[in-house]
Amino acid sequence: MYKLLKKSGKVRRGEFTTTHGTIQTPVFMNVGTQAAIKGAVSSMDLKEINCQVELSNTYHLHLRPSDKVIRQMGGLHKFMNWDRPILTDSGGFQVFSLSAMRKIKEEGVYFNSHIDGKKIFMGPEESMQIQSNLGSTIAMAFDECVPNPSTREYVVESVARTTRWLERCVTEMDRLNSLPDTVNNKQMLFGINQGGTYEDIRIEHAKTISKMNLDGYAIGGLAVGESHEDMYRIIDAVVPHLPQDKPIYLMGVGYPSNILEAVSRGVDFFDCVLPARNGRHGHVFTKDGKINIMNAKFELDAAPIDEGCQCPTCKNYTRSYIRHLFKAKEMLAMRLCVLHNLYFYNKLMEDIRAAIDNDCFEEFKEEKLAQWNEKV
């Protein structure tokens with residue numbers, strides 16, 4: 001259940017109660033694709049850096065170790081030793097990114113595994129069954145992530161199919177939640193708004209899926225190559241047509257500046273591989289923008305990555321040491337930078353929530369954007 005605690009213009013401050021705990025929003029979900037954060041970060045680490053929600057990937061876990069194995073191990077929470085909320089994406093985005101290896105039909109998608117080429121079929125029912133086996137807190141509906149750019153004709157056809165698939169997801173999720181041996185019979189379902197960069201298609205689709213009384217609503221198919229201006233234009237168009245008493249999730253976004261802009265447009269949930277991916281390559285976020293720890297100027301730098309940061313990395317290690325670890329190809333380098341970046345994102349969300357609570361979000365946003373732009 002979503003409870004709106006405060007609203008200022010379009011900006012929302014809420015809390016979302018789930019069977020695995022209450023999520024304070026706006027929130028950034030830390031991405032653990034294969035039930036682990038890339039960069040040797042454990043579920044215990046996630047608690048230390050104040051992660052509220054972990055996100056895992058249906059497609060990857062279905063292929064390896066398989067959702068049936070995870071079900072036998074007691075579900076994803078037990079499997080990865082994480083007792084807070086987990087959101088699983090439907091597998092749709094991964095399936096559609098394998099464009100050379102798939103065929104889309106009304107019943108679902110036929111594709112080849114990227115691991116061993118094995119033929120696999122996934123449709124709305126299969127996606128719900130896999131996510132039910134995983135027992136995640138929130139399951140995402142199976143949809144088609146429309147490539148950008150796409151013709152209007154293709155987008156209209158694809159969105160209509162995504163709506164039909166959503167209806168099938170709802171029916172199957174209700175059935176699975178009613179079974180006596182379901183891992184998590186309080187599993188929630190979020191629907192996904194699609195429509196490429198066509199505002200009218202997006203709005204129409206938002207109105208249609210809003211009538212379905214889902215647990216939450218996501219805006220999908222953005223951050224896939226369109227400009228930031230286009231992304232913000234679509235968020236502006238869609239958000240007013242989604243239920244205001246349900247959480248709104250912008251999928252796969254993004255940079256800290258994108259998050260601030262989307263919060264100001266009424267978005268509650270975010271996820272992105274960006275902080276972990278950047279960290280693994282030595283690119284770390286600071287209050288003055290992003291830096292590359294591999295730069296020669298950090299060789300003798302005794303400061304932490306970000307002065308004043310309370311993450312486990314900054315409290316214990318210098319830029320000089322972390323740079324040395326990267327140069328020596330030590331795995332610890334990645335771990336320390338991923339920990340820092342995820343802490344930075346989780347702390348940013350905490351500061352955003354505090355700014356909304358204190359009626360100063362706009363000032364906070366402007367100050368942050370100015371600070372980051374100055375140095376980036």
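Using a 4.5 Å cut-off on side-chain heavy atoms (C-beta onward), Leu222 and Arg202 make contact. Considering only heavy atoms from C-beta on, Leu214 comes within 4.5 Å of Leu166 through its side chain. Looking at Lys287 and Glu307, their side chains come closer than 4.5 Å, going by heavy atoms from C-beta outward. For the pair Asp143 and Ser90, the minimum side-chain heavy-atom distance is below 4.5 Å. Between Ser136 and Asn184, every side-chain heavy-atom pair lies at or beyond the 4.5 Å cut-off.
Shown here are the salt bridge (charged side-chain N to carboxylate O under 4.0 Å, His left out) partners of Glu54, two or more places apart in sequence or in another chain: there are none.
For the residue pair Ser127 and Gln131, a side-chain donor N or O sits within less than 3.5 Å of a side-chain acceptor on the partner. Side-chain contact of His241 with Tyr217: a donor-acceptor pair under 3.5 Å is absent, judged by distance alone. Side-chain contact, Asp271 with Tyr249: a donor N or O sits under 3.5 Å from an acceptor N or O.
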Derivation of the salt bridge (charged side-chain N to carboxylate O under 4.0 Å, His left out) call for Asp83 and Lys47: CA-CA 10 Å; Asp83 59 4; Lys47 285 199 168 175; 2.8 Å; yes
Stepwise side chain to side chain contact (heavy atoms under 4.5 Å, CB included) check, Cys272 with Tyr255: CA-CA 8 Å; Cys272 195; Tyr255 283 97; over 6 Å; no
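Remark: Asp200 engages Arg152 in a salt bridge, criterion side-chain N to carboxylate O under 4.0 Å. The pair Arg335-Asp45 meets the salt-bridge criterion, with a side-chain N (NZ, NE, NH1 or NH2) lying under 4.0 Å from an Asp/Glu carboxylate O. Comment: Asp351 engages Lys347 in a salt bridge, judged by a side-chain N to carboxylate O separation of less than 4.0 angstrom. Salt bridge status for Arg175 with Glu172: present, with a side-chain N to carboxylate O gap under 4.0 Å. The pair Arg64-Asp116 does not count as a salt bridge, with every side-chain nitrogen at least 4.0 angstrom from each carboxylate oxygen. Residues Arg233 and Glu229 are not paired through a salt bridge, judged by the lack of any N-O separation under 4.0 Å between the basic side chain and the carboxylate.
Looking only at distances, a side-chain donor or acceptor of Ser320 sits under 3.5 Å from a matching main-chain atom of Glu299.
For Ala223 against Val253, the heavy-atom pair with the smallest separation is CB-CG2, 3.7 Å. Residues Pro256 and Phe285 share a closest heavy-atom pair of CD-CE2, 3.7 Å. Of all heavy-atom pairs spanning Tyr2 and Pro247, the tightest one is CB-CD, 3.6 Å. Of all non-hydrogen atoms in Trp372 and Leu348, the two that sit nearest each other are CH2-CD1, 4.0 Å. The minimum heavy-atom distance linking Gly32 with Ser56 is given by the pair O-OG, 2.9 Å.
Cluster partners of Tyr110 are Phe121, counting Ile, Leu, Val, Met, Phe, Trp and Tyr whose side-chain heavy atoms approach within less than 4.5 Å, directly or via other members.
Counting only residues at least two apart or on different chains, the ring-ring contact (aromatic ring centres under 6.0 Å, His included) pairs with a member in residues 310-341 are Tyr317-Tyr321.
Of the candidates Asp89, Thr88, Thr33, Asp89 is the only one forming a side-chain hydrogen bond (donor to acceptor under 3.5 Å, both in side chains) with Asn57.
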